K.L.:
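The structure that follows is given in the form of structure tokens.
These figures come from a predicted structure and were not determined experimentally. Every chain is numbered from 1 and lettered A, B, ... according to where its sequence line falls, protein lines coming before strand lines.
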2 protein chains.
Amino acid sequence: MKYNQVTIKDIARELGISPSTVSRALKDHPDISPETKKAVNELAEKLNYQPNIVALSLRQSKTNTLGVVIPEIVHFFFSTVISGIEDVAYSAGYNIIITQSNESLQREKTDIKALFNSRVDGMLISLSRETNSFEHIDAMMAKGVPMVFFDRVYDSANSSKVIVDDLSGAKEATLHLIEQGCKRIAHLEGPPNLDITKQRLQGFREALAEHNLPVHEDLIVSCPQGTIEEGKAAAEKLLKMANPPDAIFATNDPAAMGAMQTIKEAGLKIPQDIAVVGFSNWFFSSLMDPPLTSVDQPGFEMGQEAAKLLIRQIEVKSKEHIDPTPETKILKTRLIVRDSSLKSGKKK
Amino acid sequence: MKYNQVTIKDIARELGISPSTVSRALKDHPDISPETKKAVNELAEKLNYQPNIVALSLRQSKTNTLGVVIPEIVHFFFSTVISGIEDVAYSAGYNIIITQSNESLQREKTDIKALFNSRVDGMLISLSRETNSFEHIDAMMAKGVPMVFFDRVYDSANSSKVIVDDLSGAKEATLHLIEQGCKRIAHLEGPPNLDITKQRLQGFREALAEHNLPVHEDLIVSCPQGTIEEGKAAAEKLLKMANPPDAIFATNDPAAMGAMQTIKEAGLKIPQDIAVVGFSNWFFSSLMDPPLTSVDQPGFEMGQEAAKLLIRQIEVKSKEHIDPTPETKILKTRLIVRDSSLKSGKKK
DNA sequence: ATCGGAATCGCATTCGTTTGCGATTTTATA
DNA sequence: TATAAAATCGCAAACGAATGCGATTCCGAT
């Protein structure tokens, strides 16, 4: 739109000086006399001059904009991350452009291309569930686009990432169940492509191993979408078994929630008959009946850290013309124990 | 960042023609011969030419970017709206820049200014809870910035808006409670500045009036933040009354949820002793115990409609140099009846 | 009075693209 | 063949700001 904003030229014309002098005066360049500076600044103030960011972006090849690619906006954890990103980006004077891949690899590709064409200064990316090839990412990295991954990261990428300690979180959750006296613990596994899925499964296995408990492979049920419906279906399958589990550790809260519904409908008690633990500590988890024990992921902090890493990378690169060495931030999870897993009735 | 992207000049140099010819060839201008067009297009393809959007924006005074100002990103309804906005913006070739006011008027002001300085083509705004003055908005409108409001709208603004029929939704919810045999219905009222608060209260009143039921003003309790905690406190206050209500209609789901907790802790049954209805149909509402009856707002559709209105306004204005007359889209709500209000046991 | 140097400031270019207008070439018409 | 008309294309300015470098002015020192 043409907003008829005042430009540096208007000020120059009015004052009978050149645009370059105005430009320098506004940035307090030593070449300019105090009187001219004063005149320029006063007129700029009076006319409410605002520099044209687009012209600046073109001139400096810098847009002060970060691109965000996220699987889904309508998702408690991810929207929390966005909020964290927005928080530090705002403070640092960056805009954020949001795109969502809708868990589609195809869409993720076009999103990344579009962000590149918008000349964002860097990208914050969390991979889609479908993503199993990485040429689109490698291509961007080859062009030198600063990128930081979060949560669902590109593991072999030579770039910074922010993750939570999924393995430890899953292990702690499982250990908690063992402590509660559970012997046959089932796991609802998440999307197979994602690294976090593997980490959580691994944490589950390690906890069992630590207590010399056998891993019953048939107690590991896949929930490739991680939805409530899949949680229900998985629980139904588990309940039909000759020797059903006495606890379920789910890869996320919706799956856990689905399992809880099935268990309750079957007339079984949570946690007495089957204890349940989820992952991510969604907004609704504390409101369930019984309240769901879950592994809390610090989403806001993750967004903040990711944005900080990216901005630092951008600014170091523009000043020193060299990429800082990639960093990996691992954020701690926190097990929130609630009634869905408290067989003993005592808090840990 | 400098990505060393190929420009129109590179193509021109390589082909020994001028940049202007390349520009015209790429846009299929009739002045250019088919042979040159072919040569240009092939080379552009080969070099993977991508136009520099920043330069385009400067030249055309159009950024193809929409600014969004939203009270909170981590909010089921609002994130759903964002998703709807993103959906149509993406299809129409627009980027969206997200800012959140965090329910602060001050932050809302700076957000809007920042978006203006970023030269967005238009803004999609939902007001903060605190917003009780509108100079910052009037100023933008005076400059001719296309704006569309959604949900929490600036009512006297001469601009398009998208709202849900809060009055009808609230009325329908209250009528439903009356139908269930409730006589003393309480209302948990929302943030006082917001129009939606008034509409919902009005709908509540109309429903009672229609059935010749008195409005007990002491049964209208304010929840200015609309949080779970306030819902709890409000319910405690109501339960202490000599003649407590037999139903509660809350301005939103968290408040309803808080009330439910208090009611259950007091040993009362929902809906037998007190029926509860919420508003917005949050993600968790169906998962409560009992599942919460709520007025569903089509958030995704709201985002879509708002973005469509804004984009149309932008494009009409740029072509015909005149603003289209403001439109107000009123989206229908839908009462989702669940167990928290079903005294009779039969669905409507 | 002359010169040197510091203090100020403007010209011209740059970023990448678009576009009015003029220039040149080719083709068609008489 | 002369001439008009059409077909192609380039020049230059524009969008708004930044900046290297050259130009000008002014002051004090000699």
K.L.:
Just the rounded figure in Å: distance from C1' of C:dA7 to CZ of A:Arg24.
P.N.:
13 Å
K.L.:
Would you say B:Gln100 and B:Val74 make side-chain contact, with heavy atoms under 4.5 Å?
P.N.:
no
K.L.:
Nearest of C:dT19, C:dT17, C:dC9 to any side-chain atom of A:Ile32?
P.N.:
C:dC9
K.L.:
Can you tell me how the ring of B:His75 sits relative to the ring of B:Phe78, calling it parallel under 30°, perpendicular over 60° and tilted otherwise?
P.N.:
tilted
K.L.:
How many Å lie between CG on B:Asp31 and P on C:dT25, as a whole number?
P.N.:
17 Å
K.L.:
Just by distance, do the side chain of B:Ser133 and the backbone of B:Glu135 share a donor-acceptor pair under 3.5 Å?
P.N.:
no
K.L.:
Between A:Thr63 and A:Arg119, which heavy-atom pair has the shortest distance, and what is it?
P.N.:
OG1-O, 2.8 Å
K.L.:
Please give, in whole Å, the distance from C:dT8 P to A:Leu15 CG?
P.N.:
16 Å
K.L.:
Please work out whether the ring planes of B:Tyr154 and B:Phe149 are parallel, tilted or perpendicular, with thresholds of 30° and 60°.
P.N.:
perpendicular
K.L.:
Would you mind reading off the distance between B:Gln60 atom CD and D:dG16 atom C1', rounded to a whole angstrom?
P.N.:
15 Å
K.L.:
Quick one: B:Lys27 NZ to C:dT19 C1', roughly how many Å, whole number?
P.N.:
10 Å
K.L.:
Once hydrogens and angles are ignored, does a donor-acceptor distance under 3.5 Å link the base of D:dC11 to the side chain of B:Ser20?
P.N.:
yes
K.L.:
Round to the nearest Å and state the distance from A:Glu35 atom CD to C:dA7 atom P.
P.N.:
13 Å
K.L.:
Would you say B:Ser18 places a side-chain N or O within less than 4.0 Å of OP1 or OP2 belonging to D:dG10?
P.N.:
yes
K.L.:
Mark yes or no for a side-chain to base donor-acceptor pair under 3.5 Å between A:Arg13 and D:dG16, with no hydrogen or angle criteria applied.
P.N.:
no
K.L.:
Whole Å only: how far is the NZ atom of B:Lys37 from the C1' atom of D:dC9?
P.N.:
13 Å
K.L.:
Reading DNA chain D from 5' onward, which residue's closest nucleotide shows up sooner: B:Pro30 or A:Ile8?
P.N.:
B:Pro30
K.L.:
Salt bridge or not between B:Lys38 and B:Glu42? Use side-chain N to carboxylate O under 4.0 Å.
P.N.:
yes
K.L.:
Strictly below 4.0 Å: does A:Lys9 bring a side-chain N or O up to OP1 or OP2 of D:dC15?
P.N.:
yes
K.L.:
Take atom NZ of A:Lys62 and atom C1' of C:dT14, then tell me their distance rounded to the nearest Å.
P.N.:
19 Å
K.L.:
Should the side chain of B:Arg119 and the base of D:dG16 be counted as holding a donor-acceptor pair, with the cut-off at 3.5 Å?
P.N.:
no
K.L.:
Side-chain N or O of B:Thr36 versus OP1/OP2 of D:dC9: is the shortest distance under 4.0 Å?
P.N.:
yes
K.L.:
Regarding B:Ser23, tell me which of base, sugar-phosphate or nothing describes its non-hydrogen contacts under 4.0 Å with the strands shown.
P.N.:
base
K.L.:
Give me the atom names and distance for the closest heavy-atom approach of A:Ser18 to A:Ala12.
P.N.:
C-CB, 3.7 Å
K.L.:
By a strict heavy-atom criterion of less than 4.0 Å, which residues belonging to residues 39-59 of chain A are in contact with DNA chain C?
P.N.:
A:Leu58, A:Arg59
K.L.:
Please determine, for the side chain of A:Ser33, which listed nucleotide (C:dT8, D:dT19, D:dC9) has the closest atom?
P.N.:
C:dT8
